[in-house]
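Working notes for the structure below.
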Number of protein chains: 2
Amino acid sequence: MDDESIYELDALATRVTINKGEYLFEEEDPTRYVYNLQVGMGYLERLSSDGRRQIMAFLYPGDFIGLIPDSIVSVSAKALSPLTACRWEMKDIDKLMEKHHELEHRIRRIGNRVLATTMDQLFILGCKNARERLAFFLLQMEKRQKMATGETKSIHLPMTRGDIADYLGVTVETVSRVFTIIKEEGLIALPDPYEVIILQREELENIAEYYSVT
Amino acid sequence: MDDESIYELDALATRVTINKGEYLFEEEDPTRYVYNLQVGMGYLERLSSDGRRQIMAFLYPGDFIGLIPDSIVSVSAKALSPLTACRWEMKDIDKLMEKHHELEHRIRRIGNRVLATTMDQLFILGCKNARERLAFFLLQMEKRQKMATGETKSIHLPMTRGDIADYLGVTVETVSRVFTIIKEEGLIALPDPYEVIILQREELENIAEYYSVT
DNA sequence: CGCGTATTTGATCTATCTCAAAGGCCGTGG
DNA sequence: CCACGGCCTTTGAGATAGATCAAATACGCG
């Protein structure tokens with residue numbers, strides 16, 4: 001992106017900070033902001049009226065959130081850890097896009113990538129069993145962590161088993177059981193519930209049918 | 001969109017026609033085209049190596065397909081009926097977007113809408129049971145048919161029960177059974193397997209948690 | 001130190017899948 | 001024009017992956 005538009009973006013940005021468990025924005029919220037996550041992690045969720053929940057995405061540093069107007073999607077963004085983000089008014093971004101078309105192009109490409117990821121997830125939920133889902137999840141988190149932080153030794157999972165369950169469309173107990181199973185099969189090591197080390201990547205990739213670009 | 005870019009788009013378009021059951025493009029296919037469906041219907045599918053299938057979307061006249069480069073998503077587009085579409089080279093569209101920025105804006109908005117729809121589907125697959133899924137499906141098809149053709153009396157379903165099953169992440173038998181159940185509950189009428197009349201919209205909407213903008 | 005929350009594991013239940021078979025529709029070819 | 005084959009839908013019966021319910025254990029925080 002050219003220097004000028006970066007400079008202008010920077011000038012318009014506000015910094016927001018929230019605690020673990022708090023919302024960056026909520027479903028009903030009519031405000032229209034765009035965020036760029038800088039520090040910490042979170043997730044996008046949608047709730048059904050009877051309390052069921054779908055986690056649509058986990059959020060890593062660098063992720064843009066809110067690029068889709070809430071008039072057409074309804075999700076909330078919640079922090080998994082203390083979280084800081086840059087925030088812009090949607091209308092400012094709109095204006096800036098009109099001026100610097102390169103910005104709209106960038107935003108479109110980000111949107112395309114989000115769509116591709118969402119389709120991967122759809123495929124998983126539509127076709128795969130619990131074991132395949134968890135394998136997919138672990139490889140995806142490994143890849144995203146690598147992108148965001150460069151860390152590859154172990155996968156740190158800041159979310160609970162319940163969050164993983166609601167991301168994969170299964171129950172907590174199932175997630176827990178499958179973790180135990182694939183640990184005992186020697187596919188992963190689990191130093192503690194929030195730390196995963198992949199021992200047999202290839203086997204996991206075959207299970208998940210998900211091949212990260214290594 | 002301004003007249004000039006429509007004119008240029010038109011000049012660059014090729015018309016393609018395929019028969020029912022044929023592919024507009026396939027997963028491995030390295031060609032990069034953008035299509036606008038004009039007549040007929042189809043669907044986007046992804047296959048897993050062991051033959052499972054997820055239908056990612058049903059395609060109605062007016063839909064744009066292929067706006068996301070296949071380098072990041074892998075899907076095939078198949079015809080449910082004889083089908084004609086306009087086709088452009090992706091590179092031509094890219095060039096035209098650079099010249100007429102309004103075009104890129106339009107394309108971004110189309111992409112946003114696709115993402116919103118995909119997220120709705122994700123929510124359904126992650127949280128809902130078979131009955132809720134079918135209710136969602138029927139309301140969605142009704143809405144899309146209305147958008148595409150204006151027809152609202154009955155919903156015409158050109159896809160098989162198997163296609164619906166692979167869209168909703170259940171089996172053919174389950175789809176068939178749920179059709180029978182909601183018919184006997186008086187929620188819908190089924191003059192024939194491919195024709196649905198909604199008798200109790202409100203009840204269906206409550207089941208699906210899907211409220212079409214009427 | 002004690003409470004609340006999260007994980008894990010066990011036992012049972014059930015929605016959906018799987019397997020099987022009958023019936024209907026349509027296009028083809030004799 | 002009719003018979004046949006293939007494909008699709010529907011329905012039944014039985015199997016099962018994962019859900020639900022329950023309880024023990026571990027962990028972190030005030």
Side-chain angles (χ1 to χ4, degrees), chain A residues 19-21 43 48 50-55 78 80-82 124-138 156-185 188-196 207, chain B residues 19-21 43 48 50-55 78 80-82 124-138 156-185 188-196 207:
Chain A
N19 291 319
K20 178 173 169 171
Y43 58 81
S48 78
D50 59 352
R52 284 172 287 178
R53 175 177 71 147
Q54 178 63 35
I55 290 185
K78 197 171 183 177
L80 278 167
S81 60
I124 292 296
L125 294 203
C127 293
K128 305 289 194 170
N129 65 29
R131 191 178 140 90
E132 295 163 333
R133 291 181 199 211
L134 192 62
F136 163 81
F137 168 77
L138 292 175
H156 180 65
L157 302 176
M159 67 291 285
T160 68
R161 296 289 187 259
D163 295 332
I164 299 173
D166 288 346
Y167 180 68
L168 297 177
V170 295
T171 59
V172 199
E173 294 92 332
T174 297
V175 169
S176 179
R177 280 184 240 273
V178 176
F179 261 115
T180 307
I181 290 169
I182 64 177
K183 181 180 73 182
E184 284 173 357
E185 289 172 335
I188 60 165
L190 268 180
D192 73 80
Y194 300 96
E195 213 69 37
V196 179
I207 293 170
Chain B
N19 291 320
K20 177 172 170 173
Y43 57 80
S48 79
D50 59 352
R52 284 172 286 179
R53 175 177 72 147
Q54 177 63 35
I55 290 185
K78 197 171 182 176
L80 278 167
S81 60
I124 293 295
L125 294 203
C127 292
K128 305 290 195 169
N129 65 29
R131 189 155 175 269
E132 294 163 334
R133 291 180 199 212
L134 191 62
F136 163 81
F137 169 76
L138 291 175
H156 179 64
L157 303 176
M159 66 292 284
T160 67
R161 296 290 187 259
D163 295 332
I164 299 173
D166 289 346
Y167 180 69
L168 297 177
V170 294
T171 58
V172 199
E173 295 92 332
T174 297
V175 169
S176 179
R177 279 185 240 273
V178 177
F179 262 115
T180 306
I181 291 170
I182 64 176
K183 181 181 71 179
E184 283 173 357
E185 289 173 333
I188 60 166
L190 267 181
D192 72 82
Y194 300 96
E195 213 68 39
V196 179
I207 293 170

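Chain A is the first sequence line, chain B the second, and so forth, proteins listed ahead of strands; every chain is numbered from 1.
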Practice prompt. Output every pair passing salt bridge (charged side-chain N to carboxylate O under 4.0 Å, His left out) with a member in residues 166-183 of chain B, not counting sequence neighbours, ordered by first then second residue.
Written response: B:Arg53-B:Asp166
Worksheet, complete the sentence: Going 5' to 3' through nucleotides 16-28 of chain D and flagging B where a protein heavy-atom sits under 4.0 Å of the base, S where only the sugar-phosphate is that close, and - otherwise, we get --SSBB-------
Worksheet item: Which atoms form the tightest heavy-atom contact between B:Arg133 and B:Ile124, and what is the distance?
Response: CG-CG2, 3.6 Å
Worksheet item: Which heavy atom in A:Arg161 sits nearest to a heavy atom in A:Val172, and how many Å separate them?
Response: CB-CG1, 3.8 Å
Worksheet item: Between atom CZ in B:Arg161 and atom C1' in D:dT9, what is the gap in whole Å?
Response: 7 Å
Worksheet item: Rounded to whole angstrom units, what separation is found between the CG atom of B:Asp163 and the C1' atom of D:dT9?
Response: 13 Å
Worksheet, complete the sentence: The residue, A:Tyr194 or A:Lys183, whose nearest nucleotide of DNA chain C is more 5′ is A:Tyr194
Worksheet item: What residues form a salt bridge (charged side-chain N to carboxylate O under 4.0 Å, His left out) with A:Glu195, not counting sequence neighbours?
Response: none
Worksheet item: Between the two ends of the helix from C:dC1-D:dG30 to C:dG30-D:dC1, what is the bend in degrees, rounded to 10 degrees, where each end axis spans five pairs?
Response: 40°
Worksheet item: For A:Val178, does its backbone N or O pair with a side-chain atom of A:Arg131 as donor and acceptor, under 3.5 Å?
Response: no
Fill in: From SG (B:Cys127) to CD (A:Gln54), nearest 0.5 Å
5.0 Å
Fill in: Test side-chain contact (heavy atoms from CB on, under 4.5 Å) applied to A:Pro158 - qualifying residues, sequence neighbours left out
A:Met41, A:Leu80, A:His156
Discussion item. Using the rule given for side chain to side chain contact (heavy atoms under 4.5 Å, CB included), can you reason through A:Phe137 versus A:Leu157, listing the C-alpha separation, both sets of side-chain angles and the distance that settles it, and then say yes or no?
Written reply: CA-CA 11 Å; A:Phe137 168 77; A:Leu157 302 176; 4.0 Å; yes
Worksheet entry | 5' to 3' contact window, DNA chain C with chain A (heavy-atom distance under 4.0 Å) | C:dA6 to C:dA11
Fill in: Side chain to side chain, A:Ile182 and A:Leu138, heavy atoms closer than 4.5 Å
yes
Worksheet item: When we call it a touch if two heavy atoms are under 4.0 Å apart, what does B:Thr160 touch: a base, just sugar-phosphate, or nothing?
Response: sugar-phosphate
Worksheet item: Taking C-beta and beyond as the side chain, do B:Phe179 and B:Ile164 meet within less than 4.5 Å on heavy atoms?
Response: yes
